[in-house]
Amino acid sequence: MDEDLISDRLLGRVRRDFPDADARRGILGALRILAVELEDSLQSTERLLTAVVVIAAGDVDHFRSAVRLARTDWRDLLMAGGLGDGDWPRTLDEMLGPATR
């Protein structure tokens with residue numbers, strides 16, 4: 001398993017959406033735990049975690065709700081986060097910026 005499950009571009013989005021350093025630390029810790037919990041979904045980790053962050057829209061309570069949704073049904077999470085359709089890679093790029101290689 002990768003040391004850090006959060007991509008640089010998702011980290012940038014979290015920094016923008018959660019400017020408070022203490023809140024951001026908690027958000028990032030929760031995202032890492034969630035990534036491990038959702039491994040069996042066989043979905044892109046970045047896709048799943050981005051859906052949580054997008055749903056949260058910078059609000060910690062919304063973040064907690066999105067995490068609960070992810071744990072209940074990751075498919076519903078992807079739909080609610082706007083990443084449930086076949087063009088999700090393009091949408092992900094729109095949400096986070098282009099992936100760096």
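Between Ala70 and Val52, the shortest heavy-atom distance links the atoms CB-CG2, 4.3 Å. Between Leu78 and Ala51, the shortest heavy-atom distance links the atoms CD2-CB, 4.2 Å. In terms of heavy atoms, Leu69 sits closest to Ala80 at CD2-CB, 4.0 Å. Ala99 and Asp93 make their closest contact through N-OD1, 3.9 Å (heavy atoms, listed as atom of the first residue, atom of the second, distance).
In this structure, the side chains of Leu28 and Leu11 come closer than 4.5 Å at one or more pairs of heavy atoms. Within the 4.5 Å cutoff, side-chain heavy atoms of Leu77 are placed close to those of Ile55. Within the 4.5 Å cutoff, no side-chain heavy atoms of Val36 are placed close to those of Arg32. Proximity of Phe63 to Ile27: side-chain heavy atoms (C-beta onward) are separated by under 4.5 Å at one or more points. For the pair Leu38 and Thr45, the minimum side-chain heavy-atom distance is 4.5 Å or more.
One finds the OG atom of Ser7 at 6.0 Å from the CG atom of Leu96 (value rounded to the nearest 0.5 Å). Interatomic distance, CG of Leu48 versus CG of Leu10, reported as 11.0 Å (0.5 Å rounding). Atom CD1 of residue Ile33 and atom CZ of residue Arg71 lie 7.5 Å apart, to the nearest 0.5 angstrom. How far CZ of Arg64 is from NE2 of His62: 11.5 Å, rounded to the nearest 0.5 Å.
Residues passing the salt bridge (Lys or Arg N to Asp or Glu O under 4.0 Å) test with Arg47: none are found, sequence neighbours excluded. For the salt bridge (Lys or Arg N to Asp or Glu O under 4.0 Å) test, no residue two or more places apart in sequence or in another chain qualifies with Arg24. With sequence neighbours left out, Arg90 forms a salt bridge (Lys or Arg N to Asp or Glu O under 4.0 Å) with Asp87, Glu94.
Without hydrogens or angle criteria, Arg9 side chain to Gly97 main chain gives a donor-acceptor distance under 3.5 Å. Using modelled atom types, no side-chain atom of Arg13 and backbone atom of Thr50 make a donor-acceptor pair closer than 3.5 Å.
In the hydrophobic clustering of this structure, Val53 does not group with Leu5; members are Ile, Leu, Val, Met, Phe, Trp, Tyr whose side-chain heavy atoms approach within less than 4.5 Å, directly or through other members. Taking hydrophobic clusters as Ile, Leu, Val, Met, Phe, Trp and Tyr residues chained together by side-chain heavy-atom distances below 4.5 Å, Leu31 shares a cluster with Trp74. Cluster annotation: Val60 is connected to Leu34 through the hydrophobic network of ILVMFWY side chains, with a link wherever side-chain heavy atoms come within less than 4.5 Å.
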